[in-house]
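Below, all heavy atoms of this structure are taken into account, side chains as well, without hydrogens, waters or symmetry copies.
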Amino acid sequence: MAVLGAVAVGTAGCTVQPAGADGKGAPPVRVEVPSRTPDAPDGPASPSRTPEAPAKPSPSAPPAKPSSSPTPARVLWSPGDKGRDIRELQARLRQVAWIFHGPTGTYDDLTAEAVRGFQGKRGLPQTGVTDTVTWQRLLAMTREPGRWDLYLMGGQPADPPDPRCMTGRVMCISKSSRTLRWMVDGRTVSTMPVRFGSEYTPTREGVFRVYWKSRHHVSTLYDSPMPYAMFFSGGQAVHFSSDFAARGYAGASHGCVNVRDEDAIARLYEQVRDGDKVVVHW
């Protein structure tokens, strides 16, 4: 019974010490009994203890780190490019006073310089090439250019010749395309952009004849130079205009047919004779 009692006490957490020299037993000693749960070394948690949150599962792959350098904007146009899109770029740069020539339709050095200035003013990389970021910024600041904004200084294609221009020697002048064709027997010898009168001083339409040429003419009505004048209807003539050369279609004549290319009209003046036909049409 003593042995069973000792075992019973031992399982309760105490053990019996052997008797001392005086024959008296020693008091019981408290011993800690290891927990039966091997994965809980600190024993069962008390109600006041907050259990640790379970560990979050690690993702299968770490998230990609953002690139230290952003992807460069896509280049749309650069020096040497040509076409209608370049005309629009130049027309919009004119609207914000970064370019004053053209539009020519050619991405030249002056266009690249204007793009660099526009980029620098807005904190963009000054590359001189038009990328998507530069173009979107320019679009937000300007309006859609019209046809004569795109061809402000000429360069537009000519309309097909009027049927009345297909015989003889003719200055065939189209108001719709704003061009003059110099034609001989149905063949176009040269083509040049022209400008007409305003709403209040319109250029007359119809079939006329050159009746007088005056190389160094000056208008007695407006006191303005009219070099290479070829008169065809009263005081209306085909002649060179320095204002047209400088301002393009931003201005208008007093009824005459203006030419902006002085070399071109000088050659035309030498070829046209008194009596040659002039056709002004839409």
Side-chain angles (χ1 to χ4, degrees), residues 56-159 175-179 191-199 224 240-253 258-264:
K56 295 181 180 180
S58 60
S60 57
K65 295 182 179 179
S67 174
S68 57
S69 58
T71 303
R74 181 169 60 91
V75 173
L76 299 175
W77 309 293
S78 57
D81 289 342
K82 297 181 179 181
R84 191 266 181 204
D85 289 340
I86 308 306
R87 285 187 178 276
E88 181 173 350
L89 168 66
Q90 293 167 332
R92 289 181 182 273
L93 286 169
R94 282 186 68 100
Q95 291 179 32
V96 290
W98 276 106
I99 201 170
F100 301 97
H101 79 297
T104 63
T106 298
Y107 205 123
D108 53 16
D109 291 341
L110 291 176
T111 303
E113 182 180 348
V115 170
R116 275 193 295 271
F118 178 84
Q119 291 169 328
K121 184 72 172 180
R122 281 139 196 93
L124 303 174
Q126 294 179 262
T127 62
V129 302
T130 304
D131 55 33
T132 52
V133 174
T134 301
W135 180 239
Q136 290 301 319
R137 186 68 63 87
L138 184 59
L139 286 178
M141 298 178 62
T142 54
R143 59 172 175 80
E144 179 76 19
R147 181 184 183 189
W148 300 114
D149 294 320
L150 297 176
Y151 293 99
L152 183 67
M153 309 305 287
Q156 67 275 18
D159 280 346
K175 281 190 169 183
S176 58
S177 66
R178 300 183 179 182
T179 54
T191 305
M192 59 199 72
V194 293
R195 186 177 74 170
F196 303 101
S198 68
E199 178 184 356
S224 58
F240 171 72
S241 168
S242 59
D243 182 75
F244 185 22
R247 299 174 59 207
Y249 292 111
S253 76
N258 291 164
V259 177
R260 68 178 302 271
D261 187 334
E262 188 170 7
D263 290 338

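You'll find the ring centres of Trp77 and Tyr107 outside the 6.0 Å limit.
Residues Leu138 and Thr134 fail the side-chain proximity criterion, which asks for heavy atoms closer than 4.5 Å. At a threshold of 4.5 Å between non-hydrogen side-chain atoms, the residues Trp135 and Thr132 do not count as touching. Looking only at side-chain heavy atoms (C-beta outward), Asp261 and Met192 stay at 4.5 Å or farther from each other. Under the 4.5 Å side-chain criterion, counting only non-hydrogen atoms from C-beta, Phe118 is in contact with Met141. Within the 4.5 Å cutoff, the side chain of Trp98 has no heavy atoms near those of the Arg92 side chain. Val96 is not listed as a side-chain neighbour of Lys121, based on a closest heavy-atom distance of 4.5 Å or more. Contact annotation: the side chain of Phe100 never approaches that of Leu110 to less than 4.5 Å [non-hydrogen atoms, C-beta and beyond].
Looking at Gln119, its side chain does come within 3.5 Å of a backbone N or O of Val129 through a donor-acceptor pair. Using a distance-only test at 3.5 Å, with no hydrogens or angles considered, no donor-acceptor pair links the side chain of Thr179 to the main chain of Pro193. Using modelled atom types, one side-chain atom of Arg260 and one backbone atom of Met153 make a donor-acceptor pair closer than 3.5 Å. With hydrogens and angles ignored, the 3.5 Å screen pairs no side-chain donor or acceptor of Gln90 with any backbone N or O of His101. Judged purely by atom type and a 3.5 angstrom limit, Arg195 has no side-chain atom pairing as donor or acceptor with the backbone of Asn258. Checking side-chain atoms of Tyr249 against main-chain N and O of Phe244 turns up no donor-acceptor pair under 3.5 Å. For Arg74 (side chain) and Asp131 (main-chain N/O), no donor-acceptor pair under 3.5 Å exists by modelled atom type.
Counting non-hydrogen atoms of other residues, nucleotides and ligands closer than 6.0 Å to CD of Glu113 gives a total of 12 or fewer.
Test Thr130, Asp81, Thr106, Ile99 against Thr111 for side chain to side chain contact (heavy atoms under 4.5 Å, CB included) and you get one pass: Ile99. Looking at Glu88, Arg94, Arg87 one by one, the single match for side chain to side chain contact (heavy atoms under 4.5 Å, CB included) with Pro145 turns out to be Glu88.
In this structure, Arg178 fails the cation-pi test against Tyr151, since its NZ or CZ atom is not both closer than 6.0 Å to the six-membered ring centre and inside 45 degrees of the ring normal.
The CZ atom of Arg147 sits 6.5 Å away from the OG atom of Ser177 when rounded to the nearest 0.5 Å. Here CG of Asp85 is found 10.0 Å from CG of Leu150. Values are rounded to the nearest 0.5 Å.
When all heavy atoms of Phe196 and Lys175 are compared, the pair lying nearest together is CE1-CA, 3.6 Å. Minimum heavy-atom separation, Leu152 to Ala250: CD1-N, 3.6 Å.
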